[in-house]
Every structure is written in structure tokens, then in C-alpha cells.
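Before any comments, here is the structure.
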Amino acid sequence: MVTPVAGTAPQPAAGFAVDFRGVSHRYDLDGRPLPVLQQIDLTVQPGEFLALLGPSGCGKSTLLRLAAGLEKPVAGEAQADGAAISGPDPSRVLVFQDPTLFPWRSVRDNVAVGPQARGILAASQKRIDDALRLVKLDAFASAFPHQLSGGMAQRAALARALVNDPRLLLLDEPLGRLDSLTRLTMQEELLSLWRQARYTVILVTHDVEEALLLSQRIVVLTERPARVKAEVVVDLPYPRRRDDPRIVARRQEILETLGFSS
Amino acid sequence: MSVAVEQRDDSAALAPVLGGAVWRHGLIAAAAWIVAALVTVALPDVVPWGSRDLFAGSLLAGAAVLAVLAFLIGRVGRLSSWLVRYGPWFIALGVWFALWELITAKFGWLPKPFFSPPHGLLHVYVVDWQRLLICIAYTARLWSIGFAGGIVLGFVGGVALGWSKSFAYWGMPILKLIGPVPASAWIPATFFLFPTTFQASIFLVALASGIPVAILTASGINTVNRAYYDVARTLGADNRFLVLRVAIPAALPNVFVGLFMGLYYSFAVLVVAEMLGAKYGLGWYLQFQTAYSAYANVYAALVVMALICSGLVKLLFLVRDRLLGWQKGVVQW
Ligand SMILES: Nc1ncnc2c1ncn2[C@@H]1O[C@H](COP(=O)(O)OP(=O)(O)O)[C@@H](O)[C@H]1O
Ligand SMILES: [Mg+2]
């Protein structure tokens, strides 16, 4: 079976508690301000698996970029364990919808970017191999990104994030581009990885069912500028089945919140 | 192309009969070279150019080698695929030598001092080889210092221009302004700026090779996918890492386009650069011989320059393929 990345290391650090406190953000679009987030108040428990749903273009990715520290909010504050998030840090990693592997690096060297950037490459060789094994890419360590399928590339991107032992994993529609079978396998893998390491996950998805199968709580956002519109707690044991009547009922509820009544 | 394929097919079919395949293009090429040799010796020259018999002899020797290879094609290993591929070129070369002899030396259709038959060029090498070798050495010294300096400075400058907004603000307009200025326009300034003419010549070569490298490196770094920086930053990369390990590798394909352009420009500028009081050098040789209307010498030196330049281009391709192997499958060359 799969083993956690930190094979011999002591228990990986528990997940971050994440707080969005009155967070507002806007972009500059051709000289005019485009308000994207409006007064978001949201608390994520340490080790929680939270899913974000919302209309496309409402600001979900922006929220993740704030949590990753790639962007600073124009008002309010994003916090990790009570401390303001002021810049990117490998303890909070973002996995994008596009795998965005570096095409000039082999799969292994892609996974090694984090340790290399932090100057601990030599000490991290075993962790890198473990991370590759974790996502079942050890046989493709020396392959280049253009030689991978979409699912393999996304798994490599996941390994590149996990090798840093993140305490917060931000997933921005990471399975959005995969075919439905690969998607199902990857969902199971994401789940089992999270259940072993105890990091906090914020998953952005456009797939209500995916949110219901994976997360403990679903936050639904409004149209841009996004506010929190509804919250659905999914207090069901894992593994979940998509034909479970409780899942079906919640699915209906969420679709109605999103404006689809059927 | 289809001819070559057909040919390989039926030589394969004949192989058991003949005890080995025959390279038919090789035989035709040998015949063409023999015809060229006959044209060279059988018809009188309108004026003597020298080395006529040597040229005819070389053609015959070449024809003999081609004929032997035609029968040994199955036993020369990797050379055989190269020979088969360029078979039609060997034929064309023989035909071209014959025609070239006819229109210059034999019928005198082309105006005489300006065009020389192939054995006229050969005669230049026979008579003037020592001076040509010295010229090659001088040019090699000038070119390698100028090109190396130019591409290093161009690359570093290009990275700075592509990375730093303030560098780009001041540097880009200047670069765009001086980029199109022809090398010869710099001559007065270089005389003033550099104590020796050799340094001035190096400057011109460096300028010609550095500017395209700088412009393409800068644009390559400008067009790097921003998402690469985001990924690297969330993984803990500092600015140094972003420049050296993200921006530069991502821009490398563009840098190589600049290097190829710089290589061509640096050769084109050699004549001008060696105008500045050089005592030897291929560019100097070209001017000197042009001034004396020794056009055979001019062509002979041009052939040498073209061969050296294409050899260097080939070398650069090898380096690029080594460094940018990851691009295969991403981009179609
Ligand atoms: N860098 C940017 N500059 C200007 N507008 C942006 C930028 N990034 C995103 N936007 C805009 O902000 C809005 C929200 O974007 P995003 O957070 O990516 O939405 P989502 O992920 O929910 O689809 C969109 O309308 C998008 O066009
Ligand atoms: Mg998005």
C-alpha cells in the first residue's frame, strides 16, 4: 500500500488552521477595478477537507492564490494558524488545474524543485523517491513531461507539492482536465493521501459530486464578487458511494443553491 | 525522394543475385563526374586558368571513389544511409561542374574577369594556400574573441532586459535604435573609442553577434509562462532561482534562435571588421583580391568562409540538440 512521504520522519505536522477575515480582493481590468471577492469570512479547521463550489469566474482561484500567498488581499487578512499570510511558502502549496510541470526537467527533477529551491536537495533524495512512489510514478522518474499522459502529469504535480510536506494543500480544479476514469482513480488517491498525512485541504471544483465524495464541508460562493452563499456539512464516513441516498439528497440541495432546480 | 525509395527496394531485391546491393545513384554520379573531367580536358580554355589537369584528375579520382562505393554500399555501415540520402546531390555536383566548365572556361559566355571556372578556384588553393591558411587563423582569432564576447554580453544583457523592468525601460529603446545600424556606420566611432584597430574589429564582430542574442533572450524571458513563476514561488523559490532555473531554461529556445542569427551576422560583418587596417584575414583577403580584380581568389575565399560558417552552424545545432532535447515532442523542429 501507499506510505506517507515522511517515511521515517516523525509524524508530519498537523494541518494549518486557515482563516479568511473580511477578505476582499479586486483586480485591475483595463484600468477599471474588477471586484472579485467581497468580505469573505471563512474558517477552515486544521486537517479539514474543504471544498469550494461556485460559478465559473466568481473568484475561487483568487481565494486560493490569497491562501498560497501569491496575492495580497486589498482588504482583510488571510491567516494560517493565526499568522497573516504575507507571501508564498512551501508549507502551503497550490496545485493548479494545468499541471504546469517544467518541460525542461524530468519528472524526478520536477518533483525536486521544492527541496532544490530551499537548498535541501541533497538531504531530500529519499523523500523525492518516496513522493514519486506515492503517486505511482517511480517508473517514470526520468521521463520528460511531454511523455506523460494528462493523469500522470497531474500526479507528478501532486508529488511535487507533497514532497514539501505541506500543512495546507490548495487544489485548484486539479482533476478538471482528466477523463472520467482517471478522475475516479485520482479522487480515491487524493482521499487516501489526505487520510494518511493530516494536512488541511481546500479543493476548488466545479463538480458537485466530487465535492460530496471527498470533502467534509462544502462552501458555495456567489457570482462575482464572491461572497459565501451557503455551507453544507458532509458528515458521512469514508469511503462514500455516489448512489448513497444522503449524497443524492445533498447533491440536490447544492444544485438548487447554485441555481439549478430540477 | 520516391526515386531513392524505389531504388533501395530494387537493390534489396537484387541483393541475393549480385551478392550485395548496388548504389545506382553512385554509378550515375561517377559517370557525371567523368563527363565533367572529359569536358575539362578535351575542350580548350578561352584563357588559361591553371590547374586544369589537376582538376580533371581530382574529378576522375572522385568518380572512382563513387564507383567503388556504389558496389560496396552494403559494407560501409552507417555511411551508406548518408550516401543514399545524398546520392542525387553527387549527381547534381558532377553535372554542375561540367556546366560550370562549359559556360566559363570553354565558351566564355560569362564575362571573363568576373567569373572563374572550378579549376580556376582550385588553382587559387594550389598557389595561395599558405596565405589562405594564415588568413583563416587571423579570422579565427578575431571571430572567436568577438563572437564569444558578443554572445556572453548579449545573453547577460538580454536576461537583464527581460527580467528587470527598469533595465527594459532604459535598455530596450536603445537596443532597438542601435540594432538596425549597419556595422560600417560604427567605423568612425570605433576608431575613436578603441586604441587599436584589432580591438575595433572585435567590437564590430561582438556587436553583430551580441545584438540578436540580446533581443531574442529578452523577448524569450518576457514570454515565459507566468504560471511557472507562481509554481516555483509556492515551492519556496527566491528571485535567484526564478532567474537561473525558471526564466533562463524556459527562454533557452529563443536564445538559440538569437545565437544562430548572431553567427550569421558575425560572418557577414567580417569583411567590414577586417577593413580596419587588418593585415590578414578572410575578410581582408576578399577586399584585397577584389581590389586587384582577382575574382578567382575572391570566390576561393568565399567558399572557405561558407564551409567554416556552415560547420559552425552544424556545431551549434549539436549543442542545441543536447541542451534542448526536452523540446522534442513539444515543438516540431
Ligand atoms: N490577474 C488578473 N487580472 C485581472 N483579472 C483577473 C486576474 N485573475 C483573475 N481575474 C478575473 O477575476 C475573476 C475571478 O477569477 P478566478 O478567481 O480565476 O475565478 P474562478 O477560479 O472562480 O473561475 C475573473 O473574472 C477573472 O477574469
Ligand atoms: Mg479558477
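Convention: sequence-line order gives letters A, B, ...; per-chain numbering from 1. Owing to the predicted nature of the structure, the values given are computational and were not obtained by experimental measurement.
With chain B as the partner, the residue from A:Asp89, A:Leu94, A:Asp98, A:Thr100 showing the most heavy-atom pairs under 4.5 Å is A:Thr100.
Using cut-offs of 30° and 60° on the angle between ring planes, the pair B:Tyr228 and A:Trp104 is perpendicular.
Both the backbone and the side chain of A:Gln116 come within contact range of chain B, judged by heavy atoms closer than 4.5 Å. When heavy atoms are compared at a cutoff of 4.5 Å, A:Arg92 approaches chain B solely by way of its backbone atoms N, CA, C and O. With a 4.5 angstrom heavy-atom cutoff, A:Leu101 touches chain B only via backbone atoms.
Around CZ of A:Arg118, the count of heavy atoms belonging to other residues, nucleotides or ligands within 6.0 Å exceeds 12. Enclosure of atom CZ in A:Phe20 by more than 12 non-hydrogen atoms of other residues, nucleotides or ligands within 6.0 angstrom is indicated. More than 12 heavy atoms of other residues, nucleotides or ligands sit less than 6.0 Å from atom CZ of B:Phe198. Within 6.0 Å of OH in B:Tyr229 there are more than 12 heavy atoms belonging to other residues, nucleotides or ligands. The environment of A:Phe140 atom CZ is sparse: at most 12 non-hydrogen atoms of other residues, nucleotides or ligands sit within 6.0 angstrom. Residue A:Arg183 qualifies as enclosed at atom CZ: its count of foreign heavy atoms under 6.0 Å is above 12.
Using non-hydrogen atoms only and a strict 4.5 Å limit, no part of residues 201-216 of chain B faces chain A. Residues of residues 230-246 of chain B lying under 4.5 angstrom from chain A, judged on non-hydrogen atoms, are B:Asp230, B:Val231, B:Ala232, B:Arg233, B:Thr234, B:Leu235, B:Gly236, B:Ala237, B:Phe241, B:Arg245, B:Val246 by number.
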